[in-house]
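See structure below.
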Amino acid sequence: MADKVEAKEVKLTAKDFASDQDVRWCPGCGDYSVLAQVQRSFPDLVGIKKEDIVWVSGIGCSSRFPYYMNTYGFHGIHGRAAAIATGVKLANPKLSVWVATGDGDLLSIGGNHFIHACRKNVDLKILLFNNRIYGLTKGQYSPTSEQGKITKTTPYGSVDYPFRAISLALGSRATFIARTLDRDVKHLQAMIKRAAEHKGLAFVEIYQNCVIYNDGAFDIYTNKETKDDHTLYLQHAKPMLFGKNKEKGIKLDGTKLKVININESDNSINDVLVHDEFDESPLYATLLAFMAENSDLPTPVGVFRQVFRLTYDEGVENQIAHIKAKKGEGDLEKFLFSANTWEVN
Amino acid sequence: MEKTTLDLNSVTVRFAGDSGDGMQLTGSQFTNTTALVGNDLSTLPDFPAEIRAPAGTTYGVSGFQLHFSSEDIHTPGDSPDLLVAMNPAALKVNLHDLKPGATIIVNTNSFDAKNLRLAEYNTNPLEDGSLQGFNVVHVPLTQLTSIALENSGLSAKEIARSKNFFALGMMYWLYSRPIELTLKWVEAKFKDHPQLAAANEKALKSGYYFGENTELFTTRYQVKPAKLQKGIYRNISGNEALALGFITASVKSGLPLFLGSYPITPASDILHELSKHKNFGVITFQAEDEIAAVSAAIGAAFSGALAITTTSGPGLALKTEAIGLAVMTELPIVIIDVQRGGPSTGLPTKTEQSDLMQAMYGRNGEAPIAVIAASSPADCFEVALEASRIAIKYMLPVMFLSDGYIANGSEPWKIPEPDDIPKIEVNFRYAEEDFQPYKRNENLVRPWALPGTPGLMHRIGGLEKANITGNVSYDPENHEFMVRLRAQKVKNIENDIPPLKIIGDEDADLLVVGWGGTYGAITEALENVRRTGKKAAQVHFRYLNPFPKNTGQILKKYKRILCPELNMGQLSKILTSEFNVVIESFTKIQGLPFKTSELMERIEKILGEKNNGRK
């Protein structure tokens, strides 16, 4: 390689991450935005080579994602993306492994793999395209559909209680948990980059609009007229303010959160909870995770929590290195002849 | 007292007691010592699925049978010459298996009212004459152990637990075996509990000296070393041999071994064994479920590992869809199914061969895979190497069928010289030029291009692929083409495996066809029949998909074909439909292996029929 001139690293562009396949989502689908923001963010990822990126998915609309990325990709089977991705990562820990998945794929048929990947802190980046509906099977309710939802399988309204994906991830000990919106492209890009930088399992819930079967499900968080009052952008070490003029804040009242107006005489900015992404205890982030269901409170987006722990793949690698150091590299001859042996002449 | 030593060629003994009596341990200690003495041997552990079934009951009885010999043997023996019965239940359950006139050593202390009632004996069999015809040796095992250990400082309960070592010592004396190997084991096992180590050592020695001094035994026995092939041997179980085989395959291919597994009887020992050998770089991933286990293996194969998953029938059912994914993505994985009694949870600790159809056809769509089966505990080593070779060379899933009988059973294994084991060729794709993920070589095999390789970025998945490009394709002609191509790829393996070999009389009228763990019993039955001057031939399948090329030709040569299987005739059905031959199926579905005598009886019946067995 002596004759090879040290090439200056060329900065990649979004285009470099687009595959030659036609994208086949419905016109107006929120998935287009996620794909675009991933392709726009990836050139900025520091220290990750394009050939080291692997996208793994399960089944569903969002799971077609790997076909559209010019990286390594594995379109798996329903629900199993996290398990396949775990194998990919364990067998080659230097890879950057991403999972594209939907609310049915990750939280219903693949729920078991999700909670265990979180628990083990496998170094995977999981993007949940949560549209609260089954799209590819044409409109059945999902485990994140709100109670009472009318769908093809629930013509009289669903009686199930939905999962809160963030709190499920928290309960499963994920080390990075965030939420973002398909229509807020800057925020979406920022969350993708934060996930990429996190060492350990990064879970990003993306509120994603399904134009065909659940159109407008997240309008309240993205429409100009309503978003200021219903969406709370979490920022580390910043008071939790929202509203058109950031006049409203979240106050911790005992173990409950409530909204106060900081301009009212009884209140001040000092009463407003200051967001701490790095709180070791999951209790605070759990309070935030429950806000989305409370109509009196805004829905937070941003990083709920980030903690740092040895990842599963690092643990596995370290243990192998440790045992090799202790016992010496495996020697086949010694190994096969190691038991109680006897000789026949 | 002067005692005589009698030479025997072959002995079958069975240890039986409560599942908490340590019979498996006693049996394996006796086995390991017997191996070191140089006998050929074969074992049959037989235990309930419950870890500690209620003491004293018949369903809680755990047994360990060992056949050892100065000659080449193939089975754990049909009927024991000697039974050690630790309690009435053990006697009751095992009595009907014994040879006429067999010796029964009973622990008389356990034949009290309570244990007799638990075993549902109305009268004490030691007193009511029902054991007439057997040589019953009354040994107060519990009492003798208590006396031996009275100053050990152990509790009465702990002392009682050592009675299996007393019995083992006595058996060592009776069959002229050294006690040193077990002493070494005790020392290592209880190195942090010197009191227990001392007690077990004392119990073992006391049993041995009891044998020497008691007037109950006037004769001891000796079985001379077997004239095995020259070499260095160790005793090995099927699960151990399998684990060693895959580590060897990892070394010989240069690929890291990745095992994705979820604990399941009787396959868990493979996971246990491989977890110990991290200095070979083995990654053992105990997954959250069977599906995750195989899915992770598929992911690891994509990353370039020698990826395997171990399970038993119920777990294989769960892995089905993912195996189809491996078929579609054309990635090399080995699925190991240690078969047990089914369906559903079935008989977890008992053996059966009833997953053959599941292995061959149990997937949605047209999804053929390679299927190979091991025929004995030691054979699991070679089959592991062969499964790895085929998976890697042909880029496809390989099903490795073992069963509970060979997984837990053990036999002497001539350890191969590592240098004599051929390398497993691996050809990762690196060149960018002309790369297409589904472009194939002469064997129809696509390239193995690993994530991390610059310039070879590509996508694979479970949707139908266009050949060459690997792009998603719904084209009708392409689908048919690809289905046939994937089948042809499996079929091509037939050019790369040895032909089926006829054992016995090629010119016989009767051919006995088997596969997997029935090899020992069929072989022994045929040897016995042929020794009487009758003619019979045998073939035994290792390769079940594809079959060896000469299979049809051999099957058609014989007037009658008998196929013994531990299922309802699954191989018979497959051979009948593939080769259009008439097969007489002989089946047994009791969770137990064939007895040699059962097979002999059937074979002799056929040979005795009119026209020398001709139809």
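Values in this document were obtained by computation on a predicted structure and should not be read as measured data. Labels below follow one simple rule: chain letters A, B, ... track the order of the sequence lines, proteins then strands, and each chain is numbered from 1.
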Would you mind telling me which of [options] has the largest number of heavy-atom pairs within less than 4.5 Å of chain B?
{"options": "H113(A), K327(A), K94(A)", "result": "H113(A)"}
{"options": "L95(A), D20(A), V316(A), V54(A)", "result": "L95(A)"}
{"options": "I323(A), L336(A), D52(A)", "result": "L336(A)"}
{"options": "V97(A), I115(A), L90(A)", "result": "L90(A)"}
{"options": "T71(A), N345(A), I53(A)", "result": "T71(A)"}

Checklist entry - Would F381(B) and W413(B) count as a close aromatic pair, with their ring centres under 6.0 Å? => result yes
Given a strict heavy-atom distance threshold of 4.5 Å, which part of [X] is in contact with chain A: side chain, backbone, both, or neither?
{"X": "F302(B)", "result": "side chain"}
{"X": "L456(B)", "result": "both"}
{"X": "V282(B)", "result": "backbone"}
{"X": "L306(B)", "result": "neither"}
{"X": "A301(B)", "result": "neither"}
{"X": "K414(B)", "result": "neither"}
{"X": "P451(B)", "result": "both"}
{"X": "A292(B)", "result": "both"}
{"X": "A35(B)", "result": "both"}
{"X": "P437(B)", "result": "neither"}
{"X": "Y233(B)", "result": "both"}

Next on the checklist: Quick test of your reading of the model: are D16(A) and K50(A) salt-bridged, counting only N-O distances below 4.0 Å?
Outcome noted: no
Item to check | T341(A) side chain to F337(A) backbone, donor-acceptor under 3.5 Å | outcome: no
Next on the checklist: Ring-plane angle category for Y67(A) and H75(A), please: parallel below 30°, perpendicular beyond 60°, tilted otherwise.
Outcome noted: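 Y67(A) and H75(A): perpendicular rings.
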Next on the checklist: Using 30° and 60° as the class boundaries, would you call the ring planes of F42(A) and W98(A) parallel, tilted or perpendicular?
Outcome noted: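 Rings of F42(A) and W98(A): tilted, as their planes differ by 30° to 60°.
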Part of [X] within contact of chain B (heavy atom distance under 4.5 Å):
{"X": "Y312(A)", "result": "side chain"}
{"X": "E333(A)", "result": "both"}
{"X": "K120(A)", "result": "side chain"}

Next on the checklist: Just to be sure I understand the criterion: a residue of residues 76-87 of chain A counts if one of its heavy atoms is under 4.5 Å from a heavy atom of chain B. Which ones qualify?
Outcome noted: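 Within residues 76-87 of chain A, the residues that come under 4.5 Å of chain B (heavy atoms only) are G76(A), I77(A), H78(A), R80(A), A83(A), I84(A), T86(A), G87(A).
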Next on the checklist: Can you confirm whether more than 12 heavy atoms, excluding those of E187(B), are under 6.0 Å from its CD atom?
Outcome noted: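 No - once you tally the heavy atoms of other residues, nucleotides and ligands closer than 6.0 Å, there are 12 at most.
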Would you kindly say whether [X] and [Y] are connected by a side-chain donor-acceptor distance under 3.5 Å?
{"X": "H322(A)", "Y": "N318(A)", "value": "no"}
{"X": "N121(A)", "Y": "T175(A)", "value": "yes"}
{"X": "T182(B)", "Y": "Q29(B)", "value": "yes"}
{"X": "E411(B)", "Y": "N235(B)", "value": "no"}

Next on the checklist: Is the shortest side-chain heavy-atom distance between T329(B) and F74(A) below 4.5 Å?
Outcome noted: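 With C-beta onward as the side chain, the pair touches.
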Checklist entry - Which one, I421(B), D289(B), I283(B), leads in non-hydrogen pairs under 4.5 Å with chain A? => result D289(B)
Checklist entry - When heavy-atom pairs shorter than 4.5 Å are enumerated against chain A, which of I298(B), I247(B), L450(B), I291(B) gives the highest number? => result I291(B)
Next on the checklist: Among residues at least two apart in sequence or on other chains, which ones pass ring-ring contact (aromatic ring centres under 6.0 Å, His included) with Y438(B)?
Outcome noted: none
